[in-house]
There are 2 protein chains.
Amino acid sequence: MIRMKDTTARTTRRTDALSKDRIIAAAIRILDREGERGLTFRALAADLATGAGAIYWHVANKNELLAEATNAVITPLLDNLPPHHDAREDLRAIALGLFDAAHAHPWLGSQVLHASWQLSVMLLFEAIGSKLTQLGVPREARFNVASALVGYIAGKLGQETANMRNSPAGMTRETFLAMAADQWKALDPEEFPFVHEIADQLRDHDDREQFLAGLDLMLTGIAHMA
Amino acid sequence: MIRMKDTTARTTRRTDALSKDRIIAAAIRILDREGERGLTFRALAADLATGAGAIYWHVANKNELLAEATNAVITPLLDNLPPHHDAREDLRAIALGLFDAAHAHPWLGSQVLHASWQLSVMLLFEAIGSKLTQLGVPREARFNVASALVGYIAGKLGQETANMRNSPAGMTRETFLAMAADQWKALDPEEFPFVHEIADQLRDHDDREQFLAGLDLMLTGIAHMA
DNA sequence: ACCTGAACACCGTTCAAGT
DNA sequence: ACCTGAACACCGTTCAAGT
């Protein structure tokens, strides 16, 4: 590694000094490129041009690193939501924002699942809950309804993340789904009538549309609560 | 290790021979006791009194092992559903059966999440889909609705599994939730009104009841679909 | 206070060698 | 055909030693 003579010490604060924020930014970069398996303390240290152990001075362990990376993606996303019009539309925007983020960051889904009562999920509860109030959901029901929406969103994000990770060895989503559809189609229609019926739709469905359809189902439920 | 003189070779088939089923059964035993982190090819080999590499003759890798363990739990569960009365009640029974299974097997949730289009999820689709037909959900909507229910169930199971795994170092669920509730309660009520409002309910809510409330919300949505 | 990097205690997986 | 267990290529984490 080339190390230039340090003639630029104009400020006391070295621009390349390690910090929690720089570590998290590098972690996200690696996660996005290589996935969760690619994020290694060694790889991270190499990227930051430091030793593996140095990272532990700023971050307790890998779990905290992943939790912070999740917060770093979710916090600005929920802070920069477009100004509100209709509460239903706002809920759709929140959900779709997260869904699209899970695509840009193919590790986010499994983290949101594991975050249950942590910062990022708390922010999600707050964002959703305020809209529920606007929708007129009665106070006693709000926690359950918000938890249902969070559970649904987390589940779908988790499935998306799993889908992106699982496609075995450079197989496209299309060929992978086609294989699954063929298997479903090959099942006995007497024993598995529904799966058989659905196989063709599986082949070329849009995950994003399906995600939104499920969300709308829940919004319909909210509109007709007892 | 004590090895008795083999005077019992009455049959050609050794009762202690390795087989895929015995491996999976042992894997489930270890998973239930030690969690996903405890399932190791070395621990599994020790439990089966064999070498670590022997397992690879019957199972391709750890992913397949986990997928088979998931199938082994879910298949009998969905096969032995009580005879149907009301389609709504049947859907509740399916969902609750899975939720309770995720409690008995504190690793099942994350696996169901990762199984997307595999056997165990296909069986779940079939079980749910047949009830949707009974409920009169129109054909074009069935795939989306089933996918929404599967996504919700998978998400909640995944959260449950994460909750059970995360409680740090022998902390009970109660104290863990109390800590989270205290943190939420300590937030600025101006900035986080909803989370603040909800904090007390978080402390002593019942996950199972909340799971069922969310399911009922979706069933209400189904009943009022356009 | 902050960083280095070797060392420790593990992993999943492979594979020559055995029966 | 099936099993053994050492070996390989990794991990996360710790910690004495440096600056």
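A note on names: the letters A, B, ... follow the listed sequences, proteins ahead of strands, and every chain is numbered from 1.
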Within the 6.0 Å centroid threshold, strictly below: B:F99 and B:F211: yes

Check: B:W184 ring centroid to A:F125 ring centroid under 6.0 Å: yes

Find the distance [X]:[atom1] to [N]:[atom2] and express it as a whole number of Å.
{"X": "B:E36", "N": "C:dC11", "atom1": "CD", "atom2": "P", "result": "14 Å"}
{"X": "A:L48", "N": "C:dG5", "atom1": "CG", "atom2": "P", "result": "14 Å"}
{"X": "A:R37", "N": "D:dC10", "atom1": "CZ", "atom2": "P", "result": "10 Å"}
{"X": "A:W57", "N": "C:dG5", "atom1": "CH2", "atom2": "C1'", "result": "19 Å"}

Minimum heavy-atom distance between B:G155 and A:L113, given as atom pair plus value: O-CD1, 3.5 Å

Dot-bracket encoding per residue of DNA chain D, Watson-Crick/G-U cut-off under 3.5 Å, | denoting interstrand: ||.|||||...|||||.||

Flag for A:R165-B:H114: side-chain donor and acceptor within less than 3.5 Å: yes

Residue pair B:S116 / A:Q159, side-chain donor-acceptor N/O under 3.5 Å: no

Sequence-distant partners of A:H105, ring pair (Phe, Tyr, Trp, His ring centres under 6.0 Å), two or more places apart: A:W107

Protein proximity profile, nucleotides 12-19 of chain C - base contact B, sugar-phosphate-only contact S, no contact -, cut-off 4.0 Å on heavy atoms: BBB-----

Donor-acceptor contact present, side-chain A:T175 to main-chain A:T172, <3.5 Å: yes

Step-by-step salt bridge (Lys or Arg N to Asp or Glu O under 4.0 Å) determination, B:D182 to B:K185: CA-CA 5 Å; B:D182 286 342; B:K185 203 75 187 270; over 6 Å; no

